[in-house]
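Remarks on the structure that follows.
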Amino acid sequence: MPAGFPEFRLGSVLATSFTGTLSERHGEPVERIPTPQRLVDWLAVYGLAVDSCTPAQLELAKELREAIHAAATAAAIHEALPAAAVAVINDCSVRGRAAAVLTPEGERRWRLSSPSAVEDALGVIADDAISIIAGERDGRLALCASPTCQAAFFDTSQSRTRKWCDMNTCGNRQKKARFNAKRTAS
């Protein structure tokens, strides 16, 4: 990874991992896809490899990311989905022309219509968001308990009581803060 860029926060759920490319939304925001090449890098990590990305495609990706975040947040707190967010998600979903393919190892992969089809990759992400927000998958949408993060995440834990989007970052930070507060108080 090139120096100067923050690490990607990787998760097992495509749509919420995509919204995690902007973290600490209520603190000092950390942008993980500030350039078209960083979006190319992120997509490759998730099996949606494209050769290149234009600044306009990066802006479309960020618009989709924010729409998914807004809709997932609303769904997590049981509010009406924002109409503008729904329109962006639906538009990206219908624009994409990716096809699901089965590998000889029995894994699902995506075949994009061309090596530069960022819109196809965004369509896959939008489709994943739709399946989560519509409640088609086993799990629940929740918001990170970190006051500076509050990212929407998809909780697939057995008890469905997960508190943080990522235990290694937000969860660890909160536990350290509690520990230090107790130690200072004693």
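If you read the sequence from its start, that first residue is 1, and numbering goes on from there. Values below: all heavy atoms of this structure, side chains included; hydrogens, waters and symmetry mates excluded.
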Give a yes or no on whether [X] and [Y] share a hydrophobic cluster (residues Ile, Leu, Val, Met, Phe, Trp, Tyr; joining criterion: side-chain heavy atoms under 4.5 Å apart).
| X | Y | value |
| --- | --- | --- |
| I133 | V86 | yes |
| V45 | L122 | yes |
| L39 | L10 | yes |

Using the test ring-ring contact (aromatic ring centres under 6.0 Å, His included), find all partners of F18 that sit at least two apart in sequence or belong to another chain.
W42
I need the [X] [atom1] to [Y] [atom2] distance, nearest 0.5 Å.
| X | Y | atom1 | atom2 | result |
| --- | --- | --- | --- | --- |
| D155 | C144 | CG | SG | 11.5 Å |
| Y46 | D41 | OH | CG | 13.5 Å |
| L141 | F154 | CG | CZ | 6.0 Å |
| L58 | E63 | CG | CD | 12.0 Å |
| I132 | D138 | CD1 | CG | 12.0 Å |
| F153 | C165 | CZ | SG | 7.0 Å |

Pairs in or reaching into residues 117-136: which pass salt bridge (Lys or Arg N to Asp or Glu O under 4.0 Å), with residues at least two apart or in two chains?
D128-R137
Here the salt bridge (Lys or Arg N to Asp or Glu O under 4.0 Å) pairs for residues 141-151, sequence neighbours left out, are none
R140 side chain to R160 main-chain N or O, any donor-acceptor pair under 3.5 Å?
yes
Taking S17 for the side chain and G11 for the main chain, is one N or O donor matched with an acceptor at less than 3.5 Å?
yes
pair P36-T54: side-chain heavy atoms closer than 4.5 Å:
no
State, yes or no, whether a side-chain contact exists between R9 and S23 at a heavy-atom distance under 4.5 Å.
yes
For the student: nearest non-hydrogen atoms of [X] and [Y], plus distance:
| X | Y | answer |
| --- | --- | --- |
| S52 | V40 | C-CG2, 3.7 Å |
| L112 | A121 | CD2-N, 4.0 Å |
| A152 | T19 | O-OG1, 4.1 Å |
| H26 | C149 | CD2-O, 3.4 Å |
| W164 | S146 | CD1-N, 4.0 Å |
| P82 | A74 | CD-CB, 3.9 Å |

K163 atom NZ, over 12 foreign heavy atoms within 6.0 Å:
no
Only counting residues at least two apart or in another chain, list the ones meeting salt bridge (Lys or Arg N to Asp or Glu O under 4.0 Å) with R97.
none
Looking at residues at least two apart in the chain, or sitting in another chain, which of them share a side-chain hydrogen bond (donor to acceptor under 3.5 Å, both in side chains) with [X]?
| X | answer |
| --- | --- |
| E107 | R109 |
| D91 | R95 |
| E105 | T103 |
| S12 | none |

Under the side chain to side chain contact (heavy atoms under 4.5 Å, CB included) rule, collect the residues that match up with [X], sequence neighbours excluded.
| X | answer |
| --- | --- |
| S159 | S157, T161 |
| D51 | P115 |
| I130 | I89, N90, S93 |

What verdict does the side chain to side chain contact (heavy atoms under 4.5 Å, CB included) test give for I125 and L43, after you've listed the backbone C-alpha separation in whole Å, the side-chain angles of each residue and the deciding distance to 0.1 Å?
CA-CA 10 Å; I125 296 167; L43 291 170; 4.0 Å; yes
Pairs satisfying side-chain hydrogen bond (donor to acceptor under 3.5 Å, both in side chains), at least one member in residues 64-75, at least two apart:
T21-R65, R25-E66, E31-R65
